[in-house]
Asks: 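Below are the structure tokens for one structure; questions will follow.
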Amino acid sequence: MTLSNALPLALYRSGQVRELDRVAIEEMGIPGICLMERAGAAAFNLLQQRWLKARRIIVVCGVGNNGGDGYVVARLAYLAGYDVTVLQLGDTTQLKGEALAAYEAMTDVGLFTQVFAEKKLSIVDLIVDALLGTGLDREVSGQWRQVIEAINRSKRPILSLDIPSGLHADTGTVLGVAIQATATMSFVGLKQGLFTGEGPAFTGQVYFNDLQIPAVAYKHVKSIVGRIEYDVVKTMFVRRSRIAHKGSYGHVLVIGGAPGMLGAVCMAAEAAARVGAGKVTVATHPSHAALVSLHRPEIMSYGVETTEALMPLVDQADVVAIGPGLGQSIWARALLDAVKDLQKPVVADADALNLMAQTPFRFPESVLTPHPGEAARLLEMSTVYIQSDRFHAVKSLQLRFGGVCVLKGAGTLIADEDGKISVCTNGNPGMATGGMGDVLTGVIVSLLGQGYTINEAARLGVCLHARAADKAAESGERGLLATDLFTWLRYYANPELF
Ligand SMILES: NC(=O)C1=CN([C@@H]2O[C@H](COP(=O)(O)OP(=O)(O)OC[C@H]3O[C@@H](n4cnc5c(N)ncnc54)[C@H](O)[C@@H]3O)[C@@H](O)[C@H]2O)[C@H](O)CC1
Ligand SMILES: [K+]
């Protein structure tokens, strides 16, 4: 069985995966125990190939089918000559169905479960986490919490089956505590919670196996969530015509930069230029307008005190970004009000979003790019609530404000007008620094100016931005600055180079 971690793009909720399970068993006649055997075999194959020197393994099993997968792994490893210890949590008299069958197949070969003991963890080469899978339905507490904490304390390599125990398959939130996996082998359908929220911090490297369920089964469930990454979306960059001119690639207007916050609008403007905008103009506070062109001569800059001064700039632009360093003053509110009905694509970020939260409205055609705090204000709820179900939050934003909504954070989510949600799997914690959002705004508005739709510009822009940040982070996540992305934005905006 060749090992591949080339992951499918479609992501599913646990209920959808259970439906796939049902279709396979009831409509395609694949016995449940057969699926479990295939799951165990796929996990054992990964174990053998990824941990070549491992000899002593511990399998920690719960009492559901995730535990059943664990019994299969344990039996296969035992029969292959590994030194296997199976530590049981919960009462095996609770076992039923496939899990009971797998348990009995294991005991039939002479391998029995033992009561969990932390001291047994320290002498093994690998721990297999078969405690909880998609059946996690409540906060992890009591002995389950203690065991997961002990496993994490062991600092041993951990292979989680289907999903790290304690991580919610649908939201990517940790219900109390979760296994810090080295690798996760997920079955049948990739769970959306593996790729956003806290998920990426707990999964380790994600592998997938479809358990040989026929593709036709997947027509029974409509995945509305899909993974996107730069290597998938880069084909959206098309080679430039040899007779192109400045006008071919759009005129971007970036509105922002209240006194003291010129940097934000400079970063957004330069990002727009670095991704290929034909022309970039900044409308900012008169007190520092001249500094923009000093900083980056290719960018035109005008001080605008009033909306009357702003509108000619808006009229000559193809697309507008508003928000970087805008502030929430009367001046800022006036500029936002001047473009709220604009019949051109608008990217709204930062304080434009905070002002929108105070007096909600919809742009005719927009990409909103809130971070969780701005999303909380827009939806009038807490940031904790936003992060507790990011998929629900980004969907709510899109339904309320229309257009495309980008919910930034680990596993940035993009909800588009067609009801689809995309999860960007590029990115790293080094991006949690000031200015990264301003740069993303510039990237997206640049792509809009180059003719991409709001759906396309948001997906391509988020992945390009995160891919550039991943490359820049190769010299260290700590100390990564937003302006470090410029070189790589230009590089990855030209995929024909590599
Ligand atoms: N279609 C597939 O993806 C396949 C899935 N398989 C494996 O089956 C599990 C799902 O099994 P299920 O029995 O539904 O749930 P779990 O094994 O995750 O556990 C449910 C079990 O745990 C109890 N429980 C829930 N939350 C907690 C908690 N916080 N603390 C303690 N106990 C908890 C609950 O009451 C149940 O008793 C899937 O993940 C795969 O690993 C198939 O084997 C292959 C096909
Ligand atoms: K698990």
Side-chain angles (χ1 to χ4, degrees), residues 11-26 28 30-44 59-73 88-103 105 116 127-149 151-152 158-170 173-191 193-194 199 202-204 206-213 217-218 220-221:
L11 301 180
Y12 297 92
R13 301 175 71 83
S14 44
Q16 290 178 309
V17 174
R18 275 193 286 276
E19 172 61 8
L20 284 167
D21 214 7
R22 185 199 65 77
V23 167
I25 294 169
E26 293 175 15
M28 298 186 165
I30 306 174
I33 188 60
C34 186
L35 290 177
M36 188 167 281
E37 285 292 327
R38 293 176 187 178
F44 179 52
V59 183
V60 191
C61 293
V63 289
N65 283 347
N66 196 243
D69 294 347
Y71 297 138
V72 175
V73 174
Q88 182 69 46
L89 222 54
D91 182 348
T92 51
T93 58
Q94 285 180 31
L95 291 172
K96 54 186 186 302
E98 295 94 340
L100 179 59
Y103 174 77
F116 182 87
I127 298 171
V128 176
D129 157 31
L131 281 169
L132 294 165
T134 54
L136 172 73
D137 58 12
R138 56 190 185 273
E139 189 90 355
V140 177
S141 60
Q143 190 195 14
W144 294 74
R145 182 183 189 102
Q146 290 159 10
V147 166
I148 288 175
E149 287 170 342
I151 291 170
N152 288 340
I158 302 169
L159 169 60
S160 279
L161 302 188
D162 208 27
I163 189 162
S165 297
L167 185 70
H168 194 286
D170 296 349
T173 49
V174 169
L175 296 193
V177 68
I179 289 284
Q180 191 76 54
T182 314
T184 297
M185 161 70 77
S186 202
F187 308 117
V188 181
L190 278 174
K191 285 75 183 176
L194 296 171
F202 286 85
T203 56
V206 178
Y207 297 84
F208 173 74
N209 192 290
D210 64 7
L211 306 188
Q212 299 95 56
I213 290 178
Y218 293 80
H220 286 255
V221 288

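All ligand and atom numbering here is 1-based and tracks the order in the structure.
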Asks: When you measure from atom 29 (N) of ligand 1 to each heavy atom in R38, Q143, R138, which option holds the nearest one?
Replies: R138
Asks: Just need the protein heavy atom nearest to atom 39 (O) of ligand 1, so name the residue and atom and give the distance.
Replies: D162 OD2, 2.6 Å
Asks: Answer yes or no as to whether an N/O/S atom of S165 is found below 3.4 Å from the K ion (ligand 2).
Replies: yes
Asks: Examine ligand 1 and decide if any of its atoms is less than 4.0 Å from a heavy atom belonging to L161.
Replies: no
Asks: What pair of heavy atoms forms the shortest contact from V177 to V140, and how long is it?
Replies: CG1-CG1, 3.8 Å
Asks: Using 30° and 60° as the class boundaries, would you call the ring planes of Y12 and Y218 parallel, tilted or perpendicular?
Replies: tilted
Asks: Please find the pair of heavy atoms, one from N65 and one from E98, that lie closest to each other, and give the distance.
Replies: ND2-OE1, 3.9 Å
Asks: Could you identify the single nearest non-hydrogen protein atom to atom 37 (O) of ligand 1 and state the distance to 0.1 Å?
Replies: V63 CG2, 4.0 Å
Asks: If we set the cut-off at 4.0 Å for heavy atoms, which region of L211 has an atom near ligand 1: side chain, backbone, both, or neither?
Replies: side chain
Asks: Check each of D21, L132, L35, D137 against atom 22 (O) of ligand 1 and report the one with the nearest heavy atom.
Replies: L132
Asks: Report the residue from T203, T134, D162 that forms a side-chain hydrogen bond (donor to acceptor under 3.5 Å, both in side chains) with K191.
Replies: D162
Asks: Could you tell me if the side chain of V60 sits less than 4.5 Å from the side chain of D129, heavy atoms only?
Replies: no
Asks: From atom 43 (O) of ligand 1, work out which of N65, L131, D69 has a heavy atom at the shortest distance.
Replies: D69
Asks: Please work out whether any backbone atom (N, CA, C, O) or any side-chain heavy atom from C-beta onward of E139 is under 4.0 Å from ligand 1, and answer side chain, backbone, both or neither.
Replies: backbone
Asks: To the nearest 10 degrees, could you say what angle the K ion (ligand 2) makes with OD1 of N66 and O of L132?
Replies: 70°
Asks: Between O of D129 and O of I163, what angle is found at the K ion (ligand 2), rounded to 10 degrees?
Replies: 130°
Asks: I'd like to know if the side chain of Q88 and the backbone of G62 have a donor-acceptor N/O pair within less than 3.5 Å.
Replies: yes
Asks: From atom 27 (C) of ligand 1, is the closest protein heavy-atom distance below 4.0 Å?
Replies: yes
